[in-house]
Amino acid sequence: MNRVHPLYAHLTLPQRLNHPMGHIVHPLCQQAAAEVQRYIATVDEWQEEIGNGKMFGVLVVETPEQRLGFLAAYSGLLAERNDWPYFVPAVFDFQQPDGHFKQEEARIVGLNRQIATLETAPELQAARTALTAAHQAMDKELEEWRRQMAEAKQRRDAIRQARSANEPSADTNTTEAELTLESQWMKAELRRKRQRHTATIATLEEKANQLESKIQALRIERKQRSEALQQWLFTHFELLNAQGERRHLIDIFASTATPVPPSGAGECCAPKLLQYAFAHHLKPVSIAEFWWGRSPIGEVRQHLQFYPACRGKCLPILRHMLQGLDVEEDNSGQPTEAMPTIVYEDETVMVIDKPAGMLSVPGKVTGTSVEEFAKVHCPTADGPLIVHRLDMDTSGLMVVAKTKAAHQLLQQQFLRRTVEKTYVALLERPLPATTVPQGIIRLPLRPDPFDRPRQMVDMAKGKPAVTLYEVVGDCKVRLTPKTGRTHQLRVHCAHPDGLGIAIKGDPLYGTAADRLYLHAETLAFDHPVEGKRMTFTSKAEF
């Protein structure tokens, strides 16, 4: 079945395929995405599911006859299917009812039922209850016997002391041999009592273990089958590249930091789209993915917003699949050539105004970082220079330590949270008139393991993150972080439980623009030598 949909456009085709990890969306992809959006809005049976959130993708292609068209895809399953005719099929269809995956999955589900049945069986519950009762009975009897032994010892000691002192009340009828014999008998009786209880417990444990061993054997079988099925699945996900080479997921992920492919790898939009294009000799022209529906719990996704492919699952796959194509550079983190402005400097500290697009410390992105700039400017510095960081895309004030002592003292201020920082942010659109002019946002954060450096809100496992905000214009807010989590201000602005509107130019949580409109406006700290309070201000250029 031909999945290429015609695309009637009078636009100049891009010379190279845009990078799937980038943020630039070509007008051709915008047009194709609009077609897909119109289509999926007409299918009633999908509306509830996609309303809860689903990623869709489009790939504009040229046919061998040089006709322009587009492919469409969705991530994972849609209404329990991966073979809807409008969309490209899965890279590997493991959902066939009579296929190996479904049959083995059914066996694993059957093992789950057997384990659940055995774990709740009355016979096992009775054995566990009897075993618990036997332990309790042993503990109770032995504790009581030890109490009696202690009382008997006190009585024997009292008799011996009275005899030694020749007291008239001394017991003269009980011999020393009898006292010793009593002590020996009570100790022996303690051992006999313990042995009797131990024998009873052993019998009960054997009965319980016989029942437990059946469950354990089923658990081992379930684990072995699950691991084998996962390996089978990963080896059957064979992905093409433009050179016609095939590699399966285990091979692709073998050289990564997480050599075991993550669950769902190969089922995202970009791999599906490229796989179909390569298999049908279609030339990829432009690619994009967009979100439909509500934002998932913890994540920031906006309805109809375009997003780059995820890094955790897709980046290793795309490195393979894009080989042989003329692809633009990943534009998701282009550095600036601008240098910081020195706002203040003395023998121990330097305050700089960092431009947007500059890293605080050296990283994967090329270009001068604040740390490298400081090393050149302060060649005699005798300790670590960087005390705190700003995101690469954030501009504004940073303090740099020029001595080891200053670094330690400034770090202590950050740890005690006596350093005061405020930021100004321009939002993508005006805040609703109902927005409270001032408030506190408390949303705990943790990294998204499959799409770093994106952060997620996690009320159970996230680290506390607190931000004070003040509305200072229709689209402008002043933000005061009380904690220093990665992307804290960006997520607190974009998340539905925060301000609900992303910062303008935020490519991760909103829409990419010429820059991220977030600026560290004020910075206040105690001078590490003189102790006086120092406050610096840098007005945002937006």
Side-chain angles (χ1 to χ4, degrees), residues 105-230 260 263 297-298 444 446 449 458-464:
E105 185 180 54
R107 293 188 185 98
I108 294 170
V109 170
L111 290 172
N112 288 334
R113 285 197 294 265
Q114 290 182 57
I115 291 169
T117 299
L118 290 174
E119 284 181 333
T120 57
E123 186 179 6
L124 178 59
Q125 299 303 317
R128 288 172 173 170
T129 300
L131 188 58
T132 301
H135 276 288
Q136 292 173 345
M138 180 179 71
D139 292 343
K140 183 178 180 180
E141 183 173 358
L142 295 185
E143 182 181 359
E144 171 61 23
W145 187 248
R146 291 190 185 97
R147 186 189 64 78
Q148 294 180 28
M149 289 174 65
E151 291 179 351
K153 184 177 183 304
Q154 289 178 350
R155 182 178 56 80
R156 291 193 299 273
D157 290 344
I159 292 174
R160 290 184 176 113
Q161 289 175 1
R163 286 178 179 173
S164 176
N166 293 320
E167 294 179 2
S169 59
D171 185 347
T172 57
N173 296 323
T174 305
T175 66
E176 181 61 30
E178 290 174 328
L179 293 176
T180 301
L181 185 61
E182 179 187 68
S183 175
Q184 293 172 343
W185 177 82
M186 295 194 82
K187 290 178 181 178
E189 183 64 13
L190 177 64
R191 289 193 295 272
R192 288 189 289 270
K193 288 178 181 291
R194 183 181 290 110
Q195 289 169 354
R196 286 194 295 271
H197 282 288
T198 300
T200 301
I201 288 172
T203 301
L204 294 173
E205 280 182 341
E206 183 179 2
K207 183 177 181 180
N209 288 340
Q210 289 175 352
L211 299 171
E212 294 277 9
S213 64
K214 295 179 182 178
I215 296 173
Q216 184 61 22
L218 291 173
R219 285 176 179 156
I220 293 172
E221 182 183 357
R222 178 180 62 184
K223 184 175 184 294
Q224 292 172 340
R225 285 186 177 275
S226 296
E227 291 177 350
L229 183 58
Q230 188 179 58
V260 177
S263 177
I297 295 175
R446 67 171 176 85
D458 189 331
M459 294 299 182
K461 298 179 181 179
K463 293 183 178 180

ask   = Do you know the tightest heavy-atom contact between W185 and R192?
value = NE1-NH2, 3.4 Å
ask   = So, K140 and E143, do they make that salt bridge, N to O below 4.0 Å?
value = no
remark   = Rounding to 0.5 Å, atoms CD1 (I115) and CD (E221) come to a distance of 8.5 Å
Side chain proximity check, P444 to M459, heavy atoms < 4.5 angstrom = yes
ask   = Taking side chain as C-beta onward, heavy atoms only, is L211 less than 4.5 Å from L118?
value = no
message = Would you compute the distance between atom CZ of R156 and atom CD of Q154 and round it to the nearest 0.5 angstrom?
response = 10.5 Å
ask   = Quick one: are R146 and L142 in side-chain contact, heavy atoms under 4.5 Å?
value = yes
task = Find out whether I220 and Q224 are in side-chain contact, i.e. whether some heavy atom of one side chain is under 4.5 Å from a heavy atom of the other.
result = yes
query = Are R160 and E176 close enough that some pair of their side-chain heavy atoms sits under 4.5 Å apart?
reply = yes
request  = Identify the heavy atoms of M186 and A152 that sit nearest to each other, and give their distance.
outcome  = SD-CB, 3.5 Å
inquiry  = Measuring from atom CE of M138 to atom CD1 of I201, what distance do you get when rounded to the nearest 0.5 angstrom?
reply    = 4.0 Å
inquiry  = Is it true that, when you exclude I297 itself, more than 12 heavy atoms of the residues, nucleotides or ligands shown sit nearer than 6.0 Å to its CD1?
reply    = no
Under-4.0 Å salt bridge between R196 and E189 = yes
inquiry  = Atom CD of residue position E123 - does it have more than 12 heavy atoms of other residues, nucleotides or ligands inside 6.0 Å?
reply    = no
inquiry  = Heavy-atom count check: over 12 atoms from other residues, nucleotides or ligands less than 6.0 Å from K214 NZ?
reply    = no
message = If I take atom CG from residue L229 and atom CZ from residue R107, how far apart are they, to the nearest 0.5 angstrom?
response = 10.0 Å
message = Using a strict threshold of under 4.0 Å (side-chain N to carboxylate O), is an ion pair present between R219 and E119?
response = yes
Heavy-atom check, side chain of R225 versus side chain of R222, under 4.5 Å = no
Check: W145 side chain, K187 main-chain N or O, donor-acceptor pair, under 3.5 Å = no
inquiry  = Using modelled atom types and a 3.5 Å cut-off, is there a donor and acceptor pairing between side-chain atoms of S183 and backbone atoms of T180?
reply    = no
task = Quick one: closest heavy-atom pair of R446 and D458, and the distance?
result = NE-OD2, 2.6 Å
inquiry  = Salt bridge or not between R155 and E182? Use side-chain N to carboxylate O under 4.0 Å.
reply    = yes
task = In sequence, state the C-alpha distance, the side-chain angles, and the governing distance for L124 and I215, and then conclude on side-chain contact (heavy atoms from CB on, under 4.5 Å).
result = CA-CA 11 Å; L124 178 59; I215 296 173; 3.5 Å; yes
ask   = Hey, does H135 have a side-chain heavy atom less than 4.5 Å from the side chain of E205?
value = yes
key: E178 (side chain) donor-acceptor with T175 (main chain) under 3.5 angstrom   = yes
query = Is it true that E212 and R128 have a side-chain N and a carboxylate O under 4.0 angstrom from each other?
reply = yes
